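One structure is given here, and the rest of the page talks about it.
We count residues from 1, following the sequence as given. On a predicted model such as this, the values are computed, not experimentally measured, just so you know.
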Amino acid sequence: MKVMSVFGTRPEAIKMCPLVKKLEAEPDIESIVCLTGQHREMLQQVIDIFETPVKYNLDIMKTRQTLTTITVSILEEIESVLSAEKPDLVLVHGDTSTSFATALAAFYHQIPVGHVEAGLRTYDKYSPFPEEMNRSLTGRIAELHFAPTENNRKNLAAEGITGNVFVTGNTVIDAFQTTVKKDYVFKDESIRSLDFRGLRCILMTAHRRENLGGPLESICRAVRRIVEEFEDVLVVYPVHMNPAVRDTAERILGGMERVRLVHPLDVEDMHNLMARSCLVMTDSGGIQEEAPACGVPVLVLRTETERPEAVEAGTVKVVGVCEEAIYENAKLLLTDTEAYRRMAHAVNPYGDGHACERIVRHILEWKKDGTD
């Protein structure tokens, strides 16, 4: 059977490239990769690290692109690819505009869609925006639903989606088998030159649309207080390319001796830095799944999460975007050994690193059942 994997952003690539490797290794599957290019440089870094073969690159990225231009460009550009290849199945991932637009295009061609990382919900269509609706709409179109956790399966069932739903674990855990190494040497010079001895490293990311402006300022002020209070704390903040993010980060955190504002890191540097950190503070979705694989507690800089399993397991705590709450929760983990141990040693709810194998097996069984 012919399986086309379509993705276009760095987070998607981190989670889809390990799956592509498993698809390539299966003799009964012809694997085709199509990039939309919703991201460009950051996406290519992941493709290179996983040595993923790419047959198509729609290269839709434009300056000042909007959600509308991204969606329309993908619908227009992928038309000829689907017509030429006629895949038996199109795989999309998660909650990006690439995933929704590709699923819609496949539907127009009456090609079945497999949704990797299906069933995550906040039930607030504007938060995260536009991801919550992207994921929900993709789920209505999809034929196969690969849910990372049992809770995700229950979310789908509550919406009447019960057929071809498979609990697989999260493919990001599989990615760590490729990226994290004990003797790793950082490629980014600003990270490679850091001396971690005697310092506790906090890895921070913050860039979501809903956090721009006041919320991001509060986050940065809380981080500043933490660094000023704890002389053994080093904060590394890979700052998003968005000028609204960079300007705030530079204004509040720039020039601090133990704060490193660095360019976005490739997946290998990011995962290995995560593995060397004592704490992660983030508004990212994927990092909530990645850090627990390293035994690192996560404070979520958002008011909600579509990943409640990690909260229930105790690996993640949602602390919001208010300066005082962020500061107090970080201070607790830096001063209370037992509170830290409970989060660091909690069981990772996102699987055992074999999600990709399960997904490939379910795809083959689905195809076999459809042709018997």
Quick one: does [X]'s side chain have a donor or acceptor within less than 3.5 Å of a partner on [Y]'s backbone?
X: Asn329; Y: Val319; value: no
X: Gln177; Y: Gly353; value: yes
X: Arg258; Y: Val227; value: yes
X: Glu12; Y: Gly8; value: yes
X: Thr171; Y: Asp174; value: no
X: Thr149; Y: Asn152; value: yes
X: Glu51; Y: Asp48; value: no
X: Arg200; Y: Asp232; value: no
X: Asn170; Y: Pro148; value: no
X: Arg246; Y: Val239; value: yes

Under 4.5 Å between any side-chain heavy atoms of Val46 and Asp266, yes or no? no
Are any non-hydrogen side-chain atoms of Lys55 and Val33 less than 4.5 angstrom apart? no
What do you reckon, are the aromatic ring centroids of Phe7 and His93 less than 6.0 Å apart? no
Hey, any chance [X] and [Y] share a hydrophobic cluster, counting ILVMFWY side chains that come within less than 4.5 Å of each other, even indirectly?
X: Met281; Y: Val321; value: yes
X: Leu89; Y: Phe146; value: yes
X: Met274; Y: Tyr237; value: no
X: Val235; Y: Leu194; value: no

Polar side chain donor-acceptor pair, [X] to [Y], under 3.5 angstrom:
X: Ser73; Y: Glu76; answer: no
X: Ser83; Y: Ser80; answer: no
X: Ser218; Y: Arg221; answer: yes
X: Thr122; Y: Asp124; answer: no
X: Asn134; Y: Asp95; answer: no
X: Asn155; Y: Glu159; answer: no
X: Ser97; Y: Gln38; answer: no

Measuring from [X]:[atom1] to [Y]:[atom2], what's the distance to the nearest 0.5 Å?
X: Ile252; Y: Ile219; atom1: CD1; atom2: CD1; result: 10.0 Å
X: His207; Y: Leu301; atom1: NE2; atom2: CG; result: 11.5 Å
X: Thr168; Y: Glu117; atom1: OG1; atom2: CD; result: 9.5 Å
X: Arg192; Y: Asp188; atom1: CZ; atom2: CG; result: 8.0 Å
X: Leu35; Y: Met16; atom1: CG; atom2: CE; result: 10.5 Å
X: Leu334; Y: Cys278; atom1: CG; atom2: SG; result: 5.5 Å

Who are the salt bridge (Lys or Arg N to Asp or Glu O under 4.0 Å) partners of [X], not counting sequence neighbours?
X: Arg208; value: Glu131, Glu210
X: Arg197; value: Asp195
X: Asp59; value: Arg40

Taking atom [atom1] of [X] as the centre, report whether more than 12 heavy atoms of other residues, nucleotides or ligands fall under 6.0 Å from it.
X: Gln110; atom1: CD; value: no
X: His263; atom1: NE2; value: no
X: Lys317; atom1: NZ; value: no

Partner of Tyr184 under side-chain hydrogen bond (donor to acceptor under 3.5 Å, both in side chains), picked from Lys187, Lys182, Lys181, is Lys187
Aromatic Tyr327 / basic Arg225 pairing, under 6.0 angstrom, 45° off normal: yes
Taking all atoms of both residues into account, what is the closest heavy-atom pair of Gly139 and His145, and its distance? O-CE1, 3.2 Å
Check Glu304 against Val318 and note the closest heavy-atom contact, atom names and distance. N-CG1, 4.0 Å
So salt bridge (Lys or Arg N to Asp or Glu O under 4.0 Å) across residues 288-297, not counting sequence neighbours, yields Lys15-Glu289, Glu289-Arg307
Presence of salt bridge, [Y] and [X], under 4.0 angstrom:
X: Asp352; Y: Arg358; result: yes
X: Glu365; Y: Lys367; result: no
X: Lys21; Y: Glu24; result: no

Val81: which other cluster members, linking ILVMFWY side chains closer than 4.5 Å, directly or transitively? Met4, Val6, Ile32, Tyr56, Leu58, Ile60, Ile70, Ile74, Leu75, Ile78, Leu82, Val90, Val92, Phe100, Leu104, Phe107, Tyr108, Ile111, Val113, Met133, Leu137, Ile141
Whether Phe186 and Phe196 hold their rings parallel, tilted or perpendicular, with breakpoints at 30° and 60°: tilted
For the pair Gln288 and Thr282, evaluate side-chain hydrogen bond (donor to acceptor under 3.5 Å, both in side chains) and give the outcome as yes or no after the intermediate values. CA-CA 8 Å; Gln288 296 175 48; Thr282 185; over 6 Å; no
Stepwise, does the side-chain hydrogen bond (donor to acceptor under 3.5 Å, both in side chains) test hold for Thr98 with Thr36? CA-CA 7 Å; Thr98 282; Thr36 64; 2.8 Å; yes
Determine, step by step, whether Gln44 and Ile47 satisfy the side chain to side chain contact (heavy atoms under 4.5 Å, CB included) criterion, reporting the C-alpha distance in whole Å, the side-chain angles of both residues, the deciding distance to 0.1 Å, and the verdict. CA-CA 5 Å; Gln44 190 60 46; Ile47 297 300; 3.8 Å; yes
Report the residues that fulfil side-chain contact (heavy atoms from CB on, under 4.5 Å) with Val180, sequence neighbours left out, ordered by chain and then residue number. Phe176, His271, Asn272, Ala275
